[in-house]
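This report refers to the structure that appears directly beneath it.
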Amino acid sequence: QVQLVESGGGLVQAGGSLRLSCAASGRTFSSYALGWFRQAPGKERDFVAAISWSGGTKNYVDSVKGRFTISRDNAKNTLSLQMNDLKPEDTAVYYCAARTGFWSTHHAYEYNYWGQGTQVTVSS
């Protein structure tokens, strides 16, 4: 089992940057694929980015490609999301998630563990 705790959210102006972090507990962190999802008010939870167990495979939703970068450090049990050139439409609660298995997916239902979320607000 793994527990996830996000941090790094906040208020930023459009064009600014934020770095989200997700700290994980558990001794088998490297055996999980990881992802970031976000949920805006009144909307469903949407896929943002995912990374395989080794970090060798990364996937992004089209709207963040070239602006967001997902990374992981298996030695430190951490997952990160570097967000640059933020836009008002990026405003949401961001969640990190882990799924049992080596390969990532963009389907929220395939993730077994979730953090509590961190708010990101981008002002225009």
Side-chain angles (χ1 to χ4, degrees):
Q1 193 168 3
V2 61
Q3 292 183 323
L4 305 170
V5 179
E6 302 97 335
S7 62
L11 173 64
V12 64
Q13 289 187 332
S17 299
L18 283 174
R19 185 177 182 87
L20 304 184
S21 295
C22 178
S25 64
R27 295 176 293 175
T28 58
F29 179 76
S30 61
S31 64
Y32 292 91
L34 304 171
W36 286 100
F37 291 77
R38 64 187 179 187
Q39 188 167 19
K43 296 188 176 181
E44 294 185 350
R45 191 169 298 188
D46 292 329
F47 170 76
V48 177
I51 189 167
S52 63
W53 68 281
S54 67
T57 301
K58 304 176 183 181
N59 295 285
Y60 301 91
V61 67
D62 285 348
S63 61
V64 308
K65 286 180 180 178
R67 301 189 298 122
F68 291 11
T69 301
I70 189 172
S71 61
R72 67 187 294 168
D73 185 335
N74 287 342
K76 296 182 178 179
N77 283 13
T78 58
L79 171 71
S80 298
L81 185 69
Q82 177 65 42
M83 305 186 295
N84 298 328
D85 189 23
L86 282 160
K87 306 176 185 296
E89 52 264 40
D90 295 319
T91 295
V93 177
Y94 283 70
Y95 299 89
C96 67
R99 69 181 297 267
T100 304
F102 293 144
W103 307 112
S104 58
T105 172
H106 61 280
H107 298 296
Y109 65 83
E110 295 192 76
Y111 287 80
N112 311 95
Y113 306 101
W114 293 84
Q116 83 289 348
T118 185
Q119 176 71 47
V120 172
T121 304
V122 185
S123 63
S124 57

Look up atom [atom1] in [X] and atom [atom2] in [Y], then write down how far apart they are to the nearest 0.5 Å.
| X | Y | atom1 | atom2 | value |
| --- | --- | --- | --- | --- |
| D85 | S17 | CG | OG | 8.0 Å |
| S21 | L79 | OG | CG | 8.5 Å |
| Y95 | Q116 | OH | CD | 9.0 Å |
| Q1 | S25 | CD | OG | 8.0 Å |
| R72 | S54 | CZ | OG | 8.0 Å |

With side chains defined as the heavy atoms from C-beta onward, is the minimum distance between [X] and [Y] less than 4.5 Å?
| X | Y | result |
| --- | --- | --- |
| I51 | S104 | no |
| T121 | V12 | no |
| D46 | Q39 | no |
| L81 | Y94 | yes |
| F29 | K76 | no |

Candidate list V48, V122, L18, test side chain to side chain contact (heavy atoms under 4.5 Å, CB included), partner M83, passing option = L18
For residues 58-66, tabulate all N or O donor-acceptor pairs below 3.5 Å that involve a side-chain atom, not counting sequence neighbours.
from	atom 1	to	atom 2	distance (Å)
K58	NZ	I70	O	3.2
Y60	OH	I70	N	3.0
D62	OD1	K65	NZ	3.0

Could you go step by step and tell me if R38 and V120 meet the side chain to side chain contact (heavy atoms under 4.5 Å, CB included) rule?
-> CA-CA 9 Å; R38 64 187 179 187; V120 172; over 6 Å; no
Which heavy atom in [X] sits nearest to a heavy atom in [Y], and how many Å separate them?
| X | Y | answer |
| --- | --- | --- |
| A92 | A40 | CB-N, 3.8 Å |
| S30 | N74 | CB-ND2, 3.6 Å |
| W103 | S52 | CE3-CB, 3.9 Å |
| Y111 | T105 | OH-O, 2.5 Å |
| V2 | A24 | CG2-CB, 3.8 Å |
| Q119 | T91 | NE2-CG2, 4.0 Å |

Go through the steps to decide whether S80 and R19 satisfy the test side chain to side chain contact (heavy atoms under 4.5 Å, CB included), and finish with yes or no.
-> CA-CA 7 Å; S80 298; R19 185 177 182 87; 3.5 Å; yes
Looking only at atom types and distance, does a side-chain atom of E6 sit under 3.5 Å from a main-chain N or O of C96, one as donor and one as acceptor?
-> yes
Do the rings of F102 and W53 sit parallel, tilted or perpendicular, given the 30° and 60° boundaries?
-> tilted
Worked verdict on E44 versus F37 for side chain to side chain contact (heavy atoms under 4.5 Å, CB included) | CA-CA 10 Å; E44 294 185 350; F37 291 77; over 6 Å; no
Please identify each residue that fulfils salt bridge (charged side-chain N to carboxylate O under 4.0 Å, His left out) with D73, with sequence neighbours left out.
-> none
Does the separation of the ring centres of F68 and W36 fall below 6.0 angstrom?
-> no
Please check if any side-chain donor atom of S123 sits under 3.5 Å from a side-chain acceptor atom of Q13, or the reverse.
-> no
Check the pair Q3 / Y113 against side chain to side chain contact (heavy atoms under 4.5 Å, CB included), numbers first and verdict last.
-> CA-CA 7 Å; Q3 292 183 323; Y113 306 101; over 6 Å; no
